[in-house]
2 protein chains.
Amino acid sequence: MYLENINSPADVKKLSYKELNDLGSEIRTSLLQKLSEHGGHFGPNFGMVEATIALHYVFNSPKDKIVFDVSHQSYVHKMLTGRKDAFLYPERYDDVSGYTEPQESEHDFFVIGHTSTSVSLASGLAKGRDLTGGDENIIAVIGDGSLSGGEAFEGLDYAAELGTNLIIIVNDNQMSIAENHGGLYRNLQELRESNGECECNFFKAMGLDYTYVADGNNIEALVAAFSTVKDIQHPVVVHINTVKGKGYKPAELDKEAYHWRTPFDVETGKPKVDYGNGENYADITARYLLKKMREDRRVVGITSGTPTVMGFTPERRKEAGKQFVDVGIAEEHAVALASGIAANGGKPVYGVYSTFIQRAYDQLSQDLCINNNPAVLLVFWGSLSAMNDVTHLCFFDIPLISNIPNIVYLAPTCKEEYLAMLEWSMRQNEHPVAIRVPATEVTGCHETVDTDYSELNRYKVVRRGSKVAVVALGSFFGLGESVTAMLKEKADIDATLINPRYITGVDEPLMEELKAGHQLVVTLEDGVLDGGFGEKITRYYGAADMKVLNYGARKEFTDRFDVQELLRANRLTDEQIVEDILSIVH
Amino acid sequence: MYLENINSPADVKKLSYKELNDLGSEIRTSLLQKLSEHGGHFGPNFGMVEATIALHYVFNSPKDKIVFDVSHQSYVHKMLTGRKDAFLYPERYDDVSGYTEPQESEHDFFVIGHTSTSVSLASGLAKGRDLTGGDENIIAVIGDGSLSGGEAFEGLDYAAELGTNLIIIVNDNQMSIAENHGGLYRNLQELRESNGECECNFFKAMGLDYTYVADGNNIEALVAAFSTVKDIQHPVVVHINTVKGKGYKPAELDKEAYHWRTPFDVETGKPKVDYGNGENYADITARYLLKKMREDRRVVGITSGTPTVMGFTPERRKEAGKQFVDVGIAEEHAVALASGIAANGGKPVYGVYSTFIQRAYDQLSQDLCINNNPAVLLVFWGSLSAMNDVTHLCFFDIPLISNIPNIVYLAPTCKEEYLAMLEWSMRQNEHPVAIRVPATEVTGCHETVDTDYSELNRYKVVRRGSKVAVVALGSFFGLGESVTAMLKEKADIDATLINPRYITGVDEPLMEELKAGHQLVVTLEDGVLDGGFGEKITRYYGAADMKVLNYGARKEFTDRFDVQELLRANRLTDEQIVEDILSIVH
């Protein structure tokens, strides 16, 4: 076995083409083994096996610096740069992160997880090299739908002016997470079909040199192409045509499902755990929207490359037809598009992960909120308990969205409330509305929910008590229930429990009312504290005698954390909160 | 005179070509008169006179909908759509805003002020039209450097897939605010030089139909081109070659200076008020950086299309050579580039207006802060007293930047402190550092300033007193001095005065210390309150007996406000603050 003896790229360089191909097979076997047991990004890595081997065969990492876009396709790179054990031995599987990580290896230069950044980051490395008089190769690897993000274009536009060595590998696997969208991908198709020789060439139009590799899964062809551009003294694009999921039939056939995969049975390709049985908010959303679409042709769903976040499977996308738009990975455009649609009589609903909505702050502020158009934004997975990679944290959406004027950001606590808010948001024409879709399991509401949310910032008093008032936002409403129950049990305190519903404002009359009979207000939010919801309530009480405790997460970047540990470290368990409360209220 | 009789586009349609040309001359005369007295965007409007006339001659606004990118070139559009009086009569000059504004006219569809948004917004209108069964033309007018922003690319990429009517006018005046940068602009040059016929065509590569107008200041040629694409049933780009500043020699000769212009003498072109005499922070910054660049070749200044925000005039850019980079209007790339440069040994300093840094939130968070690279960011004009157009508000940068982990955001209060912080930020290698450059007139410091800021979040007690502590951030330090002086004078209170210096953290030991001898802490920040600096201090004291008052601006979008009125409306005058304090502290 070759892989076991690869401790650095130097060991790759010793092998013959025959041996490199065998190494590729071994890598696929290990990847299949690990990913079927452990889950992870499947298709992107299977497609990049040969290209990664060829990169390390030709270039001299870490002197030559390779920057992987999104870096979800860097598994093979990790295997060849001293981290093979994390792919060979089950007990070591968690030794490495799913993305590049400079703290793991000198062969990694950035922590990367969002798309479309590699060309810009690499051109920064190139400029740094030029300023300090270095002579290394700088290589950006971009593909898998990342080209559609505006930052990638800004990077290419700048790269063309750089005038020194920068090698941009475009890994064209004909896919984004789902199918590709946008005019650019038609040009990639023309380039593939003309063996890179069609007159109209996007990269050349951008002022870049260009070369094409028809079989991007052929090590010899790749080595030849990379050797030609090595040490080149101007920026160049190497367009390689690869097969996403290459080498495992089910992944080649269903590229979307195998982009990222939970553990599965290698024989059948079926998931080991079926997550499909319980109700979930993605599914609820898609079913609701499809019904709406049938009733009202103005309704349109929008995604930026992740249609299943809102339950739009390929079948449902087909059913929705022109009433569902995938703009590709282009969150800025998605927000502006939604604003424009709303301005011209449509009913747009844009569904997006919490971690990705931050790619469109200026569009939220300028294109949408200044114009106050009634578009609807569904923010999914906004929670400390959602994704736990440092690049995919889902707990900054509250400070991001809620400090922008005009938008109404709602936090439903249960299924019926979510649907009622969604219904209202689509019916009204007064505000842009965002909904923080519960990140919990689906729970029914204990009480009847309101249907009209047009009187803004009216919190709901779920249980009226005294001494302590717990304001429990959205996904943390359950925590609020638990805290109030424990206060009763431990200290016979009948606390007031409030479902604030509105993230974007303080219910000032209610806060005034609480001054009678309450000594302490406690806020709970499933996100970062800094700039968040609770601070606004604390500010309201700044000059009053009311004491306030804010619960949420400290402002910090945490990688691959254990959720329970994170909650404990931030004193977010019911026991800890009750302990704090009882140290103040007696 | 024709212009006086133009009350709507219908009146434009009645004129012959001869009369349309005379109308164009009258428009230029009025524009020159108004802008020389009033100031405003000069070059963009002078270049668009003929194209705007032709648009309204051919299309039927407001049924047909024209979306102007940045909308700083919409003055002629306003003159032709019932708002001519605001350009003809000095007493009416302030009747209209400098940007499109739906509240002014049914011919305006969005409030727009940031670049690169028009194609996305227009494609939203087009999609809305298609959903509701309309048949109007949707026209986006983009140019003046706006194409380099990622959102424009995302919009073009989507437009190519739209499949229905969308007309994209590319107003190619060969300029951004300063000269254009990036590979794309080389392709525009090739297109101009080949009369639109060169093989490699960026727009065609993006999947768009394309047509070229060699003389974009010729009404007949434009009318012919627009007539051809009117009611077209697919997206098309009309590339028009115009002269920025056309018709006024000084503006044609110095396009950068005449992009936006303060009042000037029509004969000489010289500004009526010379702002150049006093010291300013842009100038201080450029002089400091040029010296640094000479001493250290690793130092590099970065701008995203606005080099003079940091004092880099054309002469200074020339002097800096490869140590100054203008990436064009591409803030996302600028931040990622800076991170990459810092990761490879360079010393990048990116200067940017407060209102534009919000275009790069995700890059600040992901490309820069997660990677914790020591790039330096200079945020200029962050203040309630900076720009007062609703699209250019400069008071959201504190919530935007300061709630991101890892970055150190500093707020100097005077010249020497600014320079000391800048010097430290470039010397250190531990953190990304942003500096909120004072938005005040340049003032010297009353005290010696520290040179080392590596012990984070240590506020400086400028004067130690009792009862009241005033924490006065950055540009509001002067307000803090004034408030404490007034407290002494009116109530004989010797208040403690604190210069917090760090926006990104609370000096907890000092806050503890203040509990002795103080009843009230007052925070002052020159920005929006929500998610800002003061709330963090209030949260710290949530469970304590300390009372806290936070001063800053309410979260709202305000257009063309009077600064003094805004300050009073937010109780931000020293008298109001002292009145509030004395109602609490006796």
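Letters A, B, ... are given to chains in the order of the sequence lines, protein chains preceding strands, and every chain is numbered from 1.
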Does some side-chain heavy atom of B/Ser148 sit less than 4.5 Å from a side-chain heavy atom of A/Glu154? no
Atom group of B/Val325 that falls short of 4.5 Å from chain A, counting heavy atoms: side chain
What one should report as the nearest heavy-atom pair of A/Lys127 and B/Ile341 is CG-CD1, 3.6 Å
Ring geometry between A/Phe153 and B/Phe153 (parallel below 30°, tilted from 30 to 60°, perpendicular above 60°): parallel
The interface call for A/Ser116 against chain B, heavy-atom contacts under 4.5 Å, is neither
When heavy-atom pairs shorter than 4.5 Å are enumerated against chain B, which of A/Leu208, A/Val548, A/Ile584, A/Leu125 gives the highest number? A/Leu125
Do B/Ser123 and A/Leu337 make a side-chain contact, defined as non-hydrogen atoms from C-beta onward lying under 4.5 Å apart? yes
Nearest 0.5 Å, what's the OH-OG distance between B/Tyr158 and A/Ser304? 13.0 Å
Would you mind telling me which of A/Pro235, A/Gly207, A/Ala330, A/Gly345 has the largest number of heavy-atom pairs within less than 4.5 Å of chain B? A/Ala330
A/Asp530/B/Lys536 under side chain to side chain contact (heavy atoms under 4.5 Å, CB included): CA gap, chis, key distance, verdict: CA-CA 7 Å; A/Asp530 293 70; B/Lys536 288 166 187 56; 3.3 Å; yes
Under a 4.5 Å heavy-atom cut-off, does chain B meet the side chain of A/Glu101, its backbone, both or neither? neither
In terms of heavy-atom pairs under 4.5 Å with chain A, which of B/Cys369, B/Ala334, B/Ala152, B/Ala338 leads? B/Cys369
Pick one of side chain, backbone, both or neither for B/Leu400, based on which atoms fall under 4.5 Å of a heavy atom in chain A. side chain
At a heavy-atom separation under 4.5 Å, does A/Leu147 approach chain B through its side chain, its backbone, both, or neither? backbone
How many angstroms lie between atom SG of B/Cys200 and atom CZ of A/Phe202, to the nearest 0.5 angstrom? 10.5 Å
If you count heavy-atom pairs under 4.5 Å between each of A/Arg129, A/Glu199, A/Glu556 and chain B, which one has the most? A/Glu199
Which answer fits A/Leu549, side chain, backbone, both or neither, if we ask what part of it has an atom under 4.5 Å from a heavy atom of chain B? side chain
Contact class of B/Lys65 relative to chain A, heavy atoms under 4.5 angstrom: side chain
How about B/Thr538 and A/Glu535: do any of their side-chain heavy atoms sit closer than 4.5 Å? no
Of A/Phe557, A/Phe356, A/Tyr361, the largest count of non-hydrogen pairs under 4.5 angstrom with chain B goes to A/Phe557
Part of A/Asn371 lying under 4.5 Å from any heavy atom of chain B: side chain
Engaged part of A/Gln363 at the chain B interface, taking heavy atoms whose separation is under 4.5 Å: side chain
How close do A/Ala160 and B/Gly183 get, counting heavy atoms only, and between which atoms? CB-CA, 3.5 Å
Contact origin within B/Ala544 toward chain A - heavy atom pairs under 4.5 Å: backbone
Contact origin within A/Val335 toward chain B - heavy atom pairs under 4.5 Å: neither
Separation of B/Asp362 CG from A/Asp362 CG (nearest 0.5 Å): 13.0 Å
Of the backbone (N, CA, C, O) and the side chain (C-beta and beyond), which part of A/Cys198 lies under 4.5 Å from a heavy atom of chain B, both, or neither? neither
Rounding to 0.5 Å, atoms CD (B/Gln366) and CG (A/Leu121) come to a distance of 10.5 Å
Determine the option with the most heavy-atom pairs under 4.5 angstrom with chain B, choosing from A/Glu190, A/Met546, A/Arg359. A/Arg359
Report the option among B/Gly149, B/Gly328, B/Gly532 that has the most heavy-atom pairs separated by less than 4.5 Å from atoms of chain A. B/Gly149
Which portion of A/Asp130 sits near chain B, non-hydrogen atoms under 4.5 angstrom: neither
For the residue pair B/Asn344 / A/Glu136, report whether a side-chain donor-acceptor contact shorter than 3.5 Å exists. yes
Between chain B and each of A/Ala342, A/Gly155, A/Gly346, count heavy-atom pairs under 4.5 Å; write down the option with the most. A/Gly155
What residue, out of B/Glu331, B/Met206, B/Arg186, B/Arg539, has the most heavy-atom pairs lying under 4.5 Å from chain A? B/Arg539
Taking atom CZ of A/Phe396 and atom CG of B/Asn403, what is their separation to the nearest 0.5 Å? 8.5 Å
Choice from B/Gly133, B/Ala205, B/Ser365, B/Pro102 maximising heavy atom contacts with chain A below 4.5 Å: B/Ala205
Value for CG (A/Asp367) from CZ (B/Phe110), rounded to nearest 0.5 Å, stands at 8.0 Å
Side chain from CB out, backbone as N, CA, C, O: work out which of these in A/Val528 comes under 4.5 Å of a heavy atom of chain B, or both, or neither. neither
A/Ala360 portion near chain B, given a 4.5 angstrom heavy-atom threshold: neither
Pick from B/Gly182, B/Gly163, B/Gly134: which one has the most heavy-atom pairs with chain A under 4.5 Å? B/Gly182
Contact leader toward chain A among B/Lys547, B/Glu332, B/Lys347, B/Lys322, where contacts are heavy-atom pairs under 4.5 Å: B/Glu332
Scanning both residues in full, the closest heavy-atom pair of A/Ile370 with B/Val390 reads CD1-O, 3.4 Å
Would you name the heavy atoms of B/Thr504 and A/Lys555 that are closest together and state the gap between them? O-NZ, 3.0 Å
Which atoms of A/Ile404 approach chain B - backbone, side chain, both or neither, heavy atom under 4.5 Å: both
We want to know whether B/Glu161 and A/His181 form a side-chain donor-acceptor pair, criterion being a heavy-atom distance below 3.5 angstrom. yes
Minimal non-hydrogen separation, A/Glu151 against B/Ala336, with atom names: OE2-CB, 3.3 Å
What part of A/Arg298 lies closer than 4.5 angstrom to a heavy atom of chain B: side chain, backbone, both or neither? both
Heavy-atom contact with chain B under 4.5 Å, split by part of A/Ile302: neither
